[in-house]
Structure formats: structure tokens, C-alpha cells
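A quick write-up on the structure given underneath.
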Amino acid sequence: MYKHLQNNTYQRTPVPDMQEQYPTEYHIAADGLKIINANLKVYFPKDEIKSIALHFINGRSEGEDVSAGNETSQITSDLNDLVQSILQKNMVLRNGSNQNFYDRLMIHLGYLAERLSQHQPSNERAIVKIEEEMKTSYPHSYKIAHEIYEAICSELDADLGINEELYLLIHIQRIINEKDNESGLKSSETNY
């Protein structure tokens, strides 16, 4: 954050506002941002409270049922390890040009872990046409997303919703910035 601010490359955070669900974490993050601004003698926009709060939200366990919190933590850890190993195997790494999209994927995985730990059934409708178009347009992204989807289902014994593979595909495509096959570029010309 600080480096981007100093280099005039700072961008607003894509983290969604969850203040209503996590008021304590947001209050602590607001105080933390004041301290950061004062100690570094800079001014980060209030929008950064969301990013700071996310760290507290991801690390929280107070006030939760300990067994539920432990299960969520274990699923989150397993899910992150699994996905990051597949991304690394496919040479998909977090860097300056994709960090916001990479972070969005990690946020998505956090929500997915929470849904899995709560054993929430998927009651979504298939978006078959969009999924088929994305598969055709972004075959390399689809290959990675499909590998992640299959690994989560088999290795974590997870019952993922029918649209989860599409969500993963969208995240991966944004991270690697694969060009649309319709534009005449080959997948090998992908910009990571």
C-alpha cells in the first residue's frame, strides 16, 4: 500500500464493504489506519479501512463457536494451500499488474471456505451459455480453473455449486489476463 502510494500507482481497493457484518473489525481497522497515517506521515484514503479490516476478519476466532471456527480455519487453510499450489504449478503468480485480481480470488476463497464449513447447500441456477462461451474464449484459464475445481471437489471432499467453476474461471482469466480467442490470439500469447 505504502509503496504504491509513494510511486503514485495507488488504486482503490476492490475489497467489498462488510462493515455491517463485521463492525468490530472495521472499528479496529479505522483506528489502525489513523495510526498508520500518523506514523508514516502519509494519508491513505478511508477506503483502505476495508483492506485492513479484511485481515482482522480472516484472522478472527473470538466469539465464534470454537469447533466451527476451527473447522472454517482448517478448510480455509486447506483451500488456500490447494489453490496456491495449482496456481504456482501453472506459473500463475501474484505480481504488480494482477495483485488486485489475485486478492479478489483469495477473498472469494475465504467466502467459499465459510460456505463449505457451514455446509450450505448450493441453490443456484446454471449459467451454461456463459460458461460455454468462457471455456471457448479462454481455454488456458478454463484449464486452470477446472483443475482447481476438480481438486477442491476430490481432495477436500467438497460439494461445490454448479457455478463455482465459472466463478473460478472468471477470477483466473482476470489474473492471467488471457486474451479472448475470438480476437485471433493464441493462448500461448497470454500475458501473465
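A heavy-atom distance below 4.5 Å is not found between the side chains of E155 and I152. No side-chain heavy atom of E114 sits under 4.5 Å from any side-chain heavy atom of I75. Inter-residue side-chain proximity for I36 and I52 is flagged as met; some heavy-atom pair is nearer than 4.5 Å. Between Q84 and M106, the closest side-chain pair of non-hydrogen atoms falls below 4.5 Å. For the pair L109 and V83, the minimum side-chain heavy-atom distance is below 4.5 Å. Looking only at side-chain heavy atoms (C-beta outward), Q173 and F101 stay at 4.5 Å or farther from each other. Proximity of L87 to L93: side-chain heavy atoms (C-beta onward) are nowhere separated by under 4.5 Å. Considering only heavy atoms from C-beta on, Y167 comes within 4.5 Å of E164 through its side chain.
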Worksheet item: What do the steps show when you test V92 against I86 for side-chain contact (heavy atoms from CB on, under 4.5 Å), and what is the final call?
Response: CA-CA 8 Å; V92 178; I86 292 170; over 6 Å; no

Practice prompt. Please lay out, stage by stage, how L168 and L105 fare under the test side-chain contact (heavy atoms from CB on, under 4.5 Å).
Written response: CA-CA 8 Å; L168 291 168; L105 173 61; 4.1 Å; yes

Discussion item. Between R94 and D103, does the side-chain contact (heavy atoms from CB on, under 4.5 Å) criterion hold? Intermediate values first, please.
Written reply: CA-CA 8 Å; R94 185 179 187 274; D103 293 347; 2.9 Å; yes

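Contact detail for I176 and S141: the closest heavy-atom pair is CD1-OG, 3.3 Å. Among all heavy-atom pairs drawn from R115 and H108, the shortest one is NH2-CE1, 4.4 Å. The shortest non-hydrogen separation linking A29 to A53 is CB-N, 3.4 Å.
Residues satisfying the side chain to side chain contact (heavy atoms under 4.5 Å, CB included) test with E133, not counting sequence neighbours, are K129. When the ring-ring contact (aromatic ring centres under 6.0 Å, His included) test is applied to H27, no partner is found at least two apart in sequence or on another chain.
The NZ atom of K46 lies 7.5 Å from the NZ atom of K34; values are rounded to the nearest 0.5 Å. If you take CD1 on I175 and CG on N177, they are separated by 11.0 Å, rounding to the nearest 0.5 Å. Atoms CG and CD1, on L112 and I107 in that order, are 13.5 Å from each other to the nearest 0.5 Å. Between the CG atom of L169 and the CD1 atom of I172 there is a distance of 8.5 Å, given to the nearest 0.5 Å. In this structure, CG on L33 lies 14.0 Å from CD1 on I28, to the nearest 0.5 angstrom.
Remark: N7 CG is packed, more than 12 non-hydrogen atoms of other residues, nucleotides or ligands lying under 6.0 Å away.
Listed for the N98 side chain is a donor-acceptor partner under 3.5 Å among the backbone atoms of N95. Using a distance-only test at 3.5 Å, with no hydrogens or angles considered, no donor-acceptor pair links the side chain of S137 to the main chain of M134.
In terms of hydrophobic clustering, with Ile, Leu, Val, Met, Phe, Trp and Tyr side chains grouped at heavy-atom distances under 4.5 Å, Y26 and Y111 are assigned to a common cluster.
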Without placing hydrogens or testing angles, list every side-chain donor-acceptor pair under 3.5 Å for residues 142-150, not counting sequence neighbours.
unit_1 : atom_1 : unit_2 : atom_2 : d
Y142   : OH     : H146   : ND1    : 3.3
K143   : NZ     : N90    : OD1    : 3.1
H146   : ND1    : E165   : OE2    : 2.3
E147   : OE1    : N90    : ND2    : 3.4
E147   : OE2    : K89    : NZ     : 2.1

